[in-house]
Amino acid sequence: MTSVLDRFLRYVQFDTQADESSDSYPSTPAQLILLKALADELRALGAADVQMDAHGYVTATVPATSVTRQAPAIGFIAHVDTSPEMSGANVKPLVHRRYGGEDIVLPDDATAALRPADNPALAERIGDDIVTASGTTLLGADNKAGVAEIMTAVEHLLTHPEIRHGVVRVAFTPDEEVGRGTKYFDVAAFGARYAYTMDGGRRGDLEWESFSADAMTLTFSGFNTHPGYAKGRMVNAIKVAAAFIASLPTDALSPETTSERDGFVHPYAMQAGVDRTSVRFIVRDFDVQGLKTKEDLLRALAEQTVARFPGAQVHTSVEEQYRNMREVLAQHPAVVAHAREAMRRAGITVRERPIRGGTDGSRLSFMGLPTPNVFAGEHNFHSRLEWVSVQDMEKAVEVIVHLAQVWEERGADFG
Ligand SMILES: [Zn+2]
């Protein structure tokens, strides 16, 4: 048996940084090197149906050991790519054995220090073995911790045929960090009825609610003419758009003023010209009605603004990005209930909370594969201060193994 730590230390040394600006799939060819290595490892472990498809998705099967029951096939999913925001090349993982609660200063940059005072989750893990990077790169625990946990659980199930479970499918995917992780995910070919992404943070985290998300573009049109002869004629779309942005609430409805269950509107990009200026927003809320209310507010503020600039006009368009996976998961209560039971059996206190963002599971749930997110032990995502506890990774492996058994025992006919 290979330990989850040994696997993790091996995987983080593959540079799999995704690239938003790339048009290829996966966005960086280096991701394929790790994906190929994972396919080879699955074959060596004796997994069935190991495949790497044309887009790089790697899938495999742990065949059912159940003799009497018809458990539905369940899946476990993790992504191999790392964030474009921080270098993932030449990662030097460091294992801090039996962490004593002190500040961990990373050797390659003395200003990079992991302090329990700033990281309450780290203060909870005194006594654990903590893995960090060396100070100049991310670690890649997001999501290679999940990859290592799923692979270790696969090995455990394959070497313990006495554990009763139905068909277990696993998938390793590219490009989650640039929002394309499910772009070519073939739900029908995957064949699982329900799945879990292993891509969460603290021990016990179980996430089955995400934002619902739209993008909205407001395009202001003015009238451009020679500035020397523009009196009474020019309408400057840049000034109209600026007045509109100034009319947004300053004490509410923004990322910087909301938390927990409050949504927001967020202008993040602008293309400006006198004749035409467009402002790009993301709109976020936990329910679709809340999205509509926020979009109506933006339209109303824009209309009020153009009314102050005779000759100006505004055009708005909305694109759906993703939806709160609760809408789907509420119809399949066994998915979350079995995850709670698996964590209970692993001796873990479950922590359920909504994600102020989306996951691949949000999209997969609406593609017909109900998929909540389970902790993988990842902390300080996308940062040089990323860390993971070895004991958390071991607990996540246990949860996967328990989940396979709970589904075999209880099936989907629950609640
Ligand atoms: Zn992730």
Side-chain angles (χ1 to χ4, degrees), residues 4 7-8 11-12 14-20 25-28 30-31 34-35 38 56-58 75-88 91 93 121 131-133 137-153 170-185 195-211 213 321-322 325 339 351 353-365 367 369 371-389 392-393 396-397 399-400:
V4 68
R7 286 201 165 89
F8 177 71
Y11 302 155
V12 298
F14 288 79
D15 176 4
T16 55
Q17 188 176 30
D19 177 2
E20 229 150 3
Y25 200 92
S27 64
T28 49
Q31 294 179 56
L34 176 54
L35 286 160
L38 295 172
Y57 292 78
V58 170
F76 295 95
I77 301 169
H79 65 87
V80 301
D81 60 307
T82 62
S83 169
E85 294 166 47
M86 175 68 59
S87 173
V91 171
V131 189
T132 66
T137 67
L138 50 64
L139 174 62
D142 173 13
N143 184 209
K144 289 164 183 169
V147 176
E149 291 155 8
I150 292 170
M151 192 66 93
T152 305
V170 301
F172 299 123
T173 64
D175 276 346
E176 190 264 1
E177 299 290 359
V178 291
R180 301 172 203 161
T182 59
K183 192 168 179 189
Y184 299 107
F185 192 99
Y196 300 88
T197 49
M198 299 297 299
D199 194 16
R202 270 192 200 196
R203 180 184 291 209
D205 277 359
L206 173 58
E207 297 165 325
W208 52 280
E209 271 204 82
S210 59
F211 270 149
Q321 292 184 309
Y322 56 85
M325 59 178 144
R351 299 159 36 95
R353 47 180 206 130
I355 314 172
R356 292 179 62 79
T359 68
D360 274 354
S362 322
R363 290 187 179 83
L364 289 171
S365 294
M367 289 161 68
L369 182 62
T371 307
N373 189 36
V374 172
F375 76 95
E378 304 161 7
H379 295 279
N380 296 342
F381 296 68
H382 309 176
S383 154
R384 293 186 301 164
L385 298 180
E386 219 189 338
W387 62 275
V388 66
S389 143
D392 280 355
M393 289 197 288
V397 175
V399 168
I400 296 170

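Since the model is a prediction, treat every value here as computed from it, not as a measurement. In listed order, ligands and their atoms are each counted from 1.
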Next item on the list: Only counting residues at least two apart or in another chain, list the ones meeting side-chain hydrogen bond (donor to acceptor under 3.5 Å, both in side chains) with Tyr184.
Entry: none
Notebook entry, point to check: Under 4.5 Å between any side-chain heavy atoms of Pro84 and Asp19, yes or no?
Noted result: no
Note to self: Please enumerate all residues that pass side-chain hydrogen bond (donor to acceptor under 3.5 Å, both in side chains) together with Trp208, with sequence neighbours excluded.
What the structure shows: Glu352
Margin query: What I'd like to find out is whether the side chain of Glu386 reaches to under 4.5 Å of the side chain of Val91, using heavy atoms alone.
Written below: no
Item checked: Donor-acceptor pair between Arg180 and Ser27 side chains, under 3.5 angstrom -> no
Notebook entry, point to check: With sequence neighbours left out, what residues match Asp15 under side-chain hydrogen bond (donor to acceptor under 3.5 Å, both in side chains)?
Noted result: none
Item checked: In the protein, N/O/S atoms that are found under 2.8 Å from the Zn ion (ligand 1), waters not counted -> His79 NE2, Asp142 OD1, Asp199 OD1, Asp199 OD2
